[in-house]
**Student:** 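Have a look at this one before I ask anything.
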Amino acid sequence: MSDQIKLTFPDGTTREFNRGVTGSEVAGSISEGLARMAVSIGVDGEVRDLSRPILGNSHIQIFTMRDTEGMATYWHSSAHLMAEALEALYPGVKFGIGPAIERGFYYDVDLGERTLGAEDLEAIEKKMAELAKRNVPYVRKEVSKADAIAFFTEKDDEYKLELLNDLEDGTISFYSQGDFTDLCRGPHVPSTGSMKYVKLLNIAGAYWRGDQSRKQLTRLYGITFPKKKELDDYLEMLELAKQRDHRKLGRELELFTFSQKVGPGLPLWLPKGARLRDLLADFLKKEQLNSGYEPVVTPHIARLELYKISGHYPYYSDSQFPPMMEDVENDEGYLLKPMNCPHHTQIYDDRPRSYRELPIRYAEFGTVYRYEQSGELGGLTRVRGFTQDDAHIFCMPSQVKEEFKNVIALTLKVLSALSFTDFKAQISLRDPSNTEKYIGEDAAWDDAEQAIREAAAEMGLDAIEEEGEAAFYGPKLDFMVKDALGREWQLGTVQLDYNLPERFDLTYIGDDNQKHRPVMIHRAPFGSLERFIGVLIEHCGGNFPMWLAPVQVQVLPVGQSFNEYSLQVTQDLKKVGLRAECDLRHEKVGYKIRSAEMQKVPYMLIVGEREMENKAVSVRRHGEGDLGSVSLSDFVATAFADIDQAIGSN
RNA sequence: GCCAAUGUAGCUCAGCUGGUAGAGCAGCUCAUUCGUAAUGAGCAGGUCGGCGGUUCGAGUCCGCCCAUUGGCUCCA
């Protein structure tokens with residue numbers, strides 16, 4: 001056996017090293033800078049400590065703070081540092097899990113009776129900085145399961161003991177830094193010294209292992225950086241994100257509001273917000289008419305009978321507003337609809353259907369009501385009454401792929417019209433190890449999952465697949481977008497359903513003159529108008545594209561003597577279909593401009609002596625400033641060009 | 001629902017260890033007639049989230065409730 005090994009770098013080059021060389025030594029052999037920046041090393045796909053010897057030929061990749069892998073290592077180590085601080089400050093504290101997350105880290109801890117406040121967070125931050133200054137190494141140690149159990153039994157930490165329970169002997173490792181030792185798979189950065197700048201962001205309750213029936217631990221979220229500037233920049237970025245918060249912008253731009261008298265999670269749309277909603281809905285309705293959808297309209301309530309058949313009642317009673325009972329004894333009454341699909345099945349079932357009719361696509365902007373848990377409500381992204389841009393496609397199994405393709409095309413059109421480029425598409429599949437919990441034939445599922453996969457691929461959609469995420473009634477494809485604070489929200493969704501056609505005994509007559517079961521596809525490109533608009537507001541920071549701006553043009557007379565001409569201009573703009581308003585207040589033009597700028601109106605037209613004489617307007621674009629004077633007709637052409645460019649050829 | 005924090009005028013926020021509320025912006029009135037991000041003066045505006053308690057006295061202390069925010073769980 002040679003004592004030389006061959007390491008292959010990401011660029012394909014290979015070099016020979018002594019067997020047992022460490023990641024640090026490899027990094028150091030490349031450059032001193034890399035050795036300084038390096039936090040961990042990928043060895044044949046496994047991320048490891050830099051200090052671990054490499055024993056065989058491998059493909060390696062050195063991770064630094066510039067890689068997601070490197071950041072994850074760094075923040076995971078930071079979680080350990082926080083744990084060390086917590087143990088020092090609150091002896092007897094027990095630890096759950098403490099992973100790195102996308103931005104920072106958290107640790108779930110059991111502090112007994114103690115609760116933490118802002119002052120405590122500062123004390124912990126201080127302690128962490130102090131511990132980091134000692135700059136002690138993270139030391140890995142392989143331990144036997146018995147020793148590990150003995151260690152945590154001694155510490156009386158039932159959480160770690162439970163975690164150990166699921167681990168196999170021989171695969172267990174501890175990491176220590178200073179006096180603190182934790183059960184951990186690793187890897188870690190070489191030492192604590194780089195975690196100088198610490199900010200603990202918030203405290204939250206988190207159920208042990210995400211299970212509501214188990215004890216709630218205290219979750220501490222934090223972030224660390226090696227340089228002060230990086231921490232400052234991050235905190236500033238968080239501040240800037242708050243400026244884009246749709247709740248703040250919704251108030252400032254007068255789009256929507258909430259009233260305690262109306263109720264939590266029940267948004268009230270102000271005139272400008274309602275206009276925005278209508279514009280979005282009109283846009284999609286037009287697209288849907290072009291894509292073979294037929295609008296239908298259904299009421300907001302239905303008999304309990306409908307939901308007993310659909311299976312929503314009483315099994316989902318927790319998430320529904322209580323029914324309006326007519327006859328309590330016989331469980332008869334009405335339910336506010338939590339979804340539109342049961343109603344739509346009844347439209348399908350209005351008369352016998354032929355295979356020649358399929359696919360049938362019923363579309364409705366249907367408002368539904370769900371009794372979301374109080375702690376879950378938030379702005380427009382999670383509400384109790386919302387309008388889905390819903391449609392249900394009834395088709396033959398052989399048509400599923402084509403229909404999915406059409407829906408994907410429509411959804412992509414919607415997303416691109418609003419310049420959402422940074423979205424995630426996820427295909428949710430069955431859990432292959434537990435197929436009994438799903439309704440429908442195995443073979444049908446296989447076909448459907450394959451159809452969705454192919455539809456996504458053929459539409460050029462880069463979708464990730466998640467096993468076990470499918471609903472019990474069918475696989476689905478979801479579109480996710482992040483809000484200003486980086487939280488991911490599901491917007492568009494396409495879901496296959498084997499369940500409802502079965503429950504409502506829906507059929508069509510096939511070319512064999514036999515009855516067949518159609519497949520149902522639920523789909524909503526926006527998802528809900530409320531959530532979509534919430535995320536849209538944050539996406540554009542309240543600067544809506546011209547075609548969506550509630551007010552497109554604000555006309556600003558320089559003085560009272562130009563009011564009449566300004567009103568004439570405003571009328572002319574309205575006549576050609578632009579949403580124009582005129583600011584007739586007795587204020588200086590600077591004041592009116594400021595006010596229109598803050599309302600984020602795309603175009604301001606300043607009108608005074610010069611403009612009146614030349615039948616012109618002086619154009620100011622939001623965020624850009626003065627564009628000079630043009631004739632009214634030239635401005636109208638510019639405005640429409642702006643609209644067309646954003647909306648495409650709708 | 002659970003954990004934590006927060007709740008003072010339409011908005012943003014002051015209000016020290018308890019002594020019955022204050023600013024800026026917005027609003028209204030008047031003056032100013034104004035050229036690309038705030039003209040000036042005056043006026044008005046608050047059951048200090050709600051209910052109860054402690055106290056001679058509560059925005060301030062305590063309890064319960066409501067709402068909001070950040071998480072946990074679920075979902076569009």
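Lettering of chains follows the sequences in order, A, B, ..., and the numbering in each one begins at 1.
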**Student:** Between the base of G1(B) and the side chain of Glu372(A), is there any donor-acceptor pair under 3.5 Å?
**Tutor:** no
**Student:** Between A37(B) atom P and Lys592(A) atom NZ, what is the distance in whole Å?
**Tutor:** 15 Å
**Student:** Got a minute to check which stems RNA chain B is part of, using Watson-Crick or G-U wobble pairs under 3.5 Å, three or more consecutive?
**Tutor:** B:1-7 with B:66-72, B:10-13 with B:22-25, B:27-31 with B:39-43, B:49-53 with B:61-65
**Student:** What nucleotide among G35(B), A76(B), U36(B) has an atom nearest to a side-chain atom of Arg620(A)?
**Tutor:** U36(B)
**Student:** Dump every N/O contact between nucleotides 38-40 of chain B and the protein below 3.5 Å, one line per pair.
**Tutor:**
from   : atom 1 : to        : atom 2 : distance (Å)
A38(B) : N9     : Arg594(A) : NE     : 3.4
A38(B) : N7     : Arg594(A) : NE     : 3.4
A38(B) : N7     : Arg594(A) : NH1    : 3.1
A38(B) : N7     : Arg594(A) : NH2    : 3.4
A38(B) : N6     : Arg594(A) : NH2    : 2.5
A38(B) : N1     : Arg594(A) : NH2    : 2.9

**Student:** With sequence neighbours excluded, give me every salt bridge (Lys or Arg N to Asp or Glu O under 4.0 Å) pair touching residues 485-500 of chain A.
**Tutor:** Lys424(A)-Glu488(A), Asp483(A)-Arg487(A)
**Student:** Using salt bridge (charged side-chain N to carboxylate O under 4.0 Å, His left out) as the criterion, point out the one residue from Arg214(A), Lys160(A), Arg219(A) that pairs with Asp108(A).
**Tutor:** Arg219(A)
**Student:** Using a distance-only test with no angle check, is there a side-chain donor-acceptor pair under 3.5 angstrom linking Asp642(A) and Tyr603(A)?
**Tutor:** yes
**Student:** Flag the pair Leu567(A) / Leu584(A) as yes when at least one side-chain heavy-atom distance between them is below 4.5 Å, and no otherwise.
**Tutor:** yes
**Student:** Need one value for Val368(A): base, sugar-phosphate or nothing, where a base atom within 4.0 Å counts as base even if backbone is also close, heavy atoms only.
**Tutor:** nothing
**Student:** What nucleotide among A37(B), U68(B), G35(B) has an atom nearest to a side-chain atom of Glu597(A)?
**Tutor:** A37(B)
**Student:** For Asp318(A) and G1(B), give me the distance from atom CG to atom C1', rounded to whole Å.
**Tutor:** 10 Å
**Student:** Classify the nucleic acid contact of Val558(A) as base, sugar-phosphate or nothing, counting any heavy atom under 4.0 Å across all strands shown.
**Tutor:** base
**Student:** Fit a plane to each ring of His300(A) and Tyr369(A), take the angle between them on a 0 to 90° scale, and name the class: parallel (under 30°), tilted (30 to 60°) or perpendicular (over 60°).
**Tutor:** tilted
**Student:** List for me each residue that meets ring-ring contact (aromatic ring centres under 6.0 Å, His included) alongside Trp489(A), sequence neighbours excluded, and say none if there are none.
**Tutor:** none
**Student:** Would you indicate what Glu611(A) reaches in the nucleic acid, counting non-hydrogen atoms under 4.0 angstrom: base, sugar-phosphate, or nothing?
**Tutor:** base
**Student:** Give the rounded distance in Å between these two atoms: NZ of Lys424(A) and P of A76(B).
**Tutor:** 15 Å
**Student:** Between N or O atoms, less than 3.5 Å apart, protein on one side and nucleotides 43-52 of chain B on the other: list the pairs.
**Tutor:**
none

**Student:** What's the CD-C1' distance between Gln388(A) and C75(B), to the nearest Å?
**Tutor:** 11 Å
**Student:** Output the rounded distance in Å from CG (Asp120(A)) to C1' (A4(B)).
**Tutor:** 12 Å
**Student:** For atom P, what is the distance between C3(B) and U60(B), given to the nearest Å?
**Tutor:** 24 Å
**Student:** Parallel, tilted or perpendicular for His392(A) and Phe394(A), by the 30°/60° rule?
**Tutor:** tilted
**Student:** Find the distance Phe256(A):CZ to C11(B):P and express it as a whole number of Å.
**Tutor:** 14 Å
**Student:** If the condition is side chain to side chain donor-acceptor pair (under 3.5 Å), which residues does Asp626(A) pass it with, not counting sequence neighbours?
**Tutor:** none
**Student:** Are the ring of Phe386(A) and the six-membered base ring of A76(B) within the stacking cut-offs of under 5.5 Å and under 30°?
**Tutor:** yes
**Student:** What pairs of nitrogen or oxygen atoms, one from the protein and one from nucleotides 69-71 of chain B, lie under 3.5 Å apart?
**Tutor:**
from   : atom 1 : to        : atom 2 : distance (Å)
U69(B) : OP1    : Arg247(A) : NH1    : 3.2
U69(B) : OP1    : Gly379(A) : N      : 3.2
U69(B) : O3'    : Arg247(A) : NH1    : 3.3
G70(B) : OP1    : Arg247(A) : NH1    : 3.3
G70(B) : OP1    : Arg247(A) : NH2    : 2.8
G70(B) : OP1    : Arg487(A) : NH1    : 2.8
G70(B) : OP1    : Arg487(A) : NH2    : 3.2
G70(B) : OP2    : Arg247(A) : NH1    : 3.3
G70(B) : O2'    : Asn202(A) : ND2    : 3.2
G70(B) : N2     : Ile203(A) : O      : 3.4
G71(B) : OP2    : Arg487(A) : NH1    : 3.2
G71(B) : O3'    : Tyr221(A) : OH     : 3.2
G71(B) : O2'    : Tyr221(A) : OH     : 3.4
G71(B) : O6     : Gly375(A) : O      : 3.3
G71(B) : N2     : Gly205(A) : O      : 3.2
G71(B) : N2     : Gln216(A) : NE2    : 3.3
G71(B) : N3     : Gly205(A) : O      : 3.4

**Student:** What contact category does Leu217(A) fall into here, base, sugar-phosphate, or nothing, at under 4.0 angstrom with non-hydrogen atoms?
**Tutor:** nothing
**Student:** Looking across every strand, which nucleic acid part, if any, lies under 4.0 Å from Arg209(A) by heavy atom: base, sugar-phosphate, or nothing?
**Tutor:** nothing
**Student:** Do Cys582(A) and Gln568(A) come close enough that some side-chain heavy atom pair is under 4.5 Å?
**Tutor:** no
**Student:** Hey, does Glu252(A) reach any base, or is it just sugar-phosphate, or nothing, if we go heavy atoms under 4.0 Å?
**Tutor:** nothing
**Student:** Indicate whether OP1 or OP2 belonging to A76(B) is found under 4.0 Å from a side-chain N or O atom of Thr493(A).
**Tutor:** no
**Student:** For Tyr313(A), which residues count as a side chain to side chain donor-acceptor pair (under 3.5 Å) partner, sequence neighbours excluded?
**Tutor:** Asp331(A)
**Student:** If the condition is ring-ring contact (aromatic ring centres under 6.0 Å, His included), which residues does Tyr221(A) pass it with, not counting sequence neighbours?
**Tutor:** Tyr106(A)
**Student:** Suppose we screen for ring-ring contact (aromatic ring centres under 6.0 Å, His included). Which residues come up paired with Tyr438(A), at least two apart in sequence or across chains?
**Tutor:** Trp445(A)
**Student:** Specify the separation, in whole Å, of atom OH of Tyr106(A) and atom C1' of A4(B).
**Tutor:** 17 Å
**Student:** Considering every strand and a 4.0 Å limit on heavy-atom distances, what is the contact class for Arg610(A): base, sugar-phosphate, or nothing?
**Tutor:** base
**Student:** Do Tyr498(A) and Tyr473(A) pass the ring pair (Phe, Tyr, Trp, His ring centres under 6.0 Å) test, and can you show the C-alpha distance, the side-chain angles, and the key distance before you say yes or no?
**Tutor:** CA-CA 6 Å; Tyr498(A) 296 112; Tyr473(A) 52 79; 9.4 Å; no
**Student:** List for me each residue that meets ring-ring contact (aromatic ring centres under 6.0 Å, His included) alongside Phe95(A), sequence neighbours excluded, and say none if there are none.
**Tutor:** Tyr107(A), Phe180(A)
**Student:** Can a donor-acceptor pair under 3.5 Å be found between the side-chain atoms of Arg382(A) and the base atoms of C75(B)?
**Tutor:** yes
**Student:** Tell me, with the steps shown, if Phe532(A) and Phe420(A) meet ring pair (Phe, Tyr, Trp, His ring centres under 6.0 Å).
**Tutor:** CA-CA 11 Å; Phe532(A) 190 87; Phe420(A) 279 112; 5.7 Å; yes
**Student:** To the nearest angstrom, how far is His246(A) atom NE2 from U68(B) atom P?
**Tutor:** 12 Å
**Student:** Which nucleotide sits closest to the side chain of Glu609(A): G35(B), G1(B), A76(B)?
**Tutor:** G35(B)
**Student:** By the salt bridge (Lys or Arg N to Asp or Glu O under 4.0 Å) test, which pairs, at least two apart or in different chains, include something from residues 591-612 of chain A?
**Tutor:** Glu597(A)-Arg620(A)
